[in-house]
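Contents: one structure, followed by commentary.
Each residue takes its place number in the sequence, starting with 1. Keep in mind that what you see is a predicted model, and the values were worked out from it rather than measured. Both backbone and side-chain heavy atoms feed into the values below; hydrogens, waters and symmetry mates do not.
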Amino acid sequence: MQLIDGKAIAAQIKKEIAAEVKEIMANGGKQPHLAAILVGHDGGSETYVASKVKACEECGFKSTLIRYENDITEEELLAKVEELNNDPDIDGFIVQLPLPRHIDEQKVTEAIDYRKDVDGFHPVNAGHLMQGYDALTPCTPC
């Protein structure tokens with residue numbers, strides 16, 4: 001059995017991505033941009049999203065954190081999802097789960113444009129993954 005150093009491998013991959021992003025931008029390309037929507041103050045969710053923001057910085061991506069309190073309405077959240085779907089500067093985004101009980105998580109997940117669904121939870125992406133097609137792969141195991 002061979003032990004691997006996951007942190008070292010992750011750091012190397014991030015360096016390689018950062019170099020690729022620099023090259024893309026040097027050739028006139030766009031800086032990748034990830035947005036994250038965080039509702040409420042769940043400690044685990046805050047830690048997870050903070051790690052994504054940090055990873056973006058390390059990789060040369062732009063990141064935007066959008067925070068809401070637990071009392072946001074489902075309609076307000078869906079409107080923000082639609083705004084991000086239509087924002088050409090946003091390449092991908094996540095809506096961090098869990099959401100407050102009064103918000104239908106499935107409805108929100110299905111509202112995300114599958115092409116910008118970084119979590120891979122949209123039914124199109126989940127279906128492609130399950131069928132072995134090319135798809136956005138979830139950051140964490142399903």
Is there a donor-acceptor pair under 3.5 Å between the side chain of R115 and the backbone N or O of G92? no
Contact check, side chains of V108 and L78, non-hydrogen atoms, under 4.5 Å: yes
Check for a donor-acceptor pair, side chain of K30 on one end and backbone N or O of D89 on the other, with a separation under 3.5 Å. yes
Compare all side-chain heavy atoms of T64 with those of L84 and state whether any distance is below 4.5 angstrom. no
Could you check if a side-chain atom of H41 sits within less than 4.5 angstrom of a side-chain atom of E69, using non-hydrogen atoms only? yes
Measure across S63 and V53 and return the closest heavy-atom pair with its distance rounded to 0.1 Å. OG-CG1, 3.6 Å
Judged by atom type as modelled, is there a donor-acceptor pair below 3.5 Å linking the side chain of E105 to the main-chain atoms of P98? no
Mark yes or no for whether N27, through its side chain, and G29, through its backbone, hold a donor-acceptor pair below 3.5 Å. no
Any donor-acceptor pair under 3.5 Å from N86 side chain to E82 backbone: yes
Less than 4.5 Å apart, any side-chain heavy atom of I17 and any of F61? yes
Do Q96 and D42 have side chains that approach each other closer than 4.5 Å (heavy atoms only, starting at C-beta)? no
Decide if atom CD of E20 counts as having more than 12 heavy atoms of other residues, nucleotides or ligands within a radius under 6.0 Å. no
For the student: nearest non-hydrogen atoms of E46 and G40, plus distance: OE2-O, 3.9 Å
Would a distance-only check, ignoring hydrogens and angles, find a side-chain to backbone donor-acceptor pair under 3.5 Å from D119 to I94? no
Report yes if the side chains of K80 and I72 come closer than 4.5 Å at any heavy-atom pair, otherwise no. no
How many angstroms lie between atom CZ of F93 and atom CG of D113, to the nearest 0.5 angstrom? 7.5 Å
Specify the closest pair of heavy atoms between L38 and S45, including all atoms of both residues, with the distance to one decimal. CD1-CB, 3.7 Å
Main-chain N/O of I90 paired with K116 side-chain donor or acceptor, under 3.5 Å: yes
Is there a side-chain contact between L99 and L77 (heavy atoms, below 4.5 Å)? yes
V39 vs N70 side-chain heavy atoms within contact, under 4.5 Å: yes
CG on N85 to CD1 on I112, rounded to 0.5 Å: 7.5 Å
Calculate, to the nearest 0.5 Å, the distance between atoms NZ and CD belonging to K54 and E57 respectively. 9.0 Å
Measure the spacing between CD of Q31 and SG of C59 and express it to the nearest 0.5 Å. 11.5 Å
Search all heavy atoms of G60 against all heavy atoms of V21 and return the closest pair with its distance. O-CG1, 3.5 Å
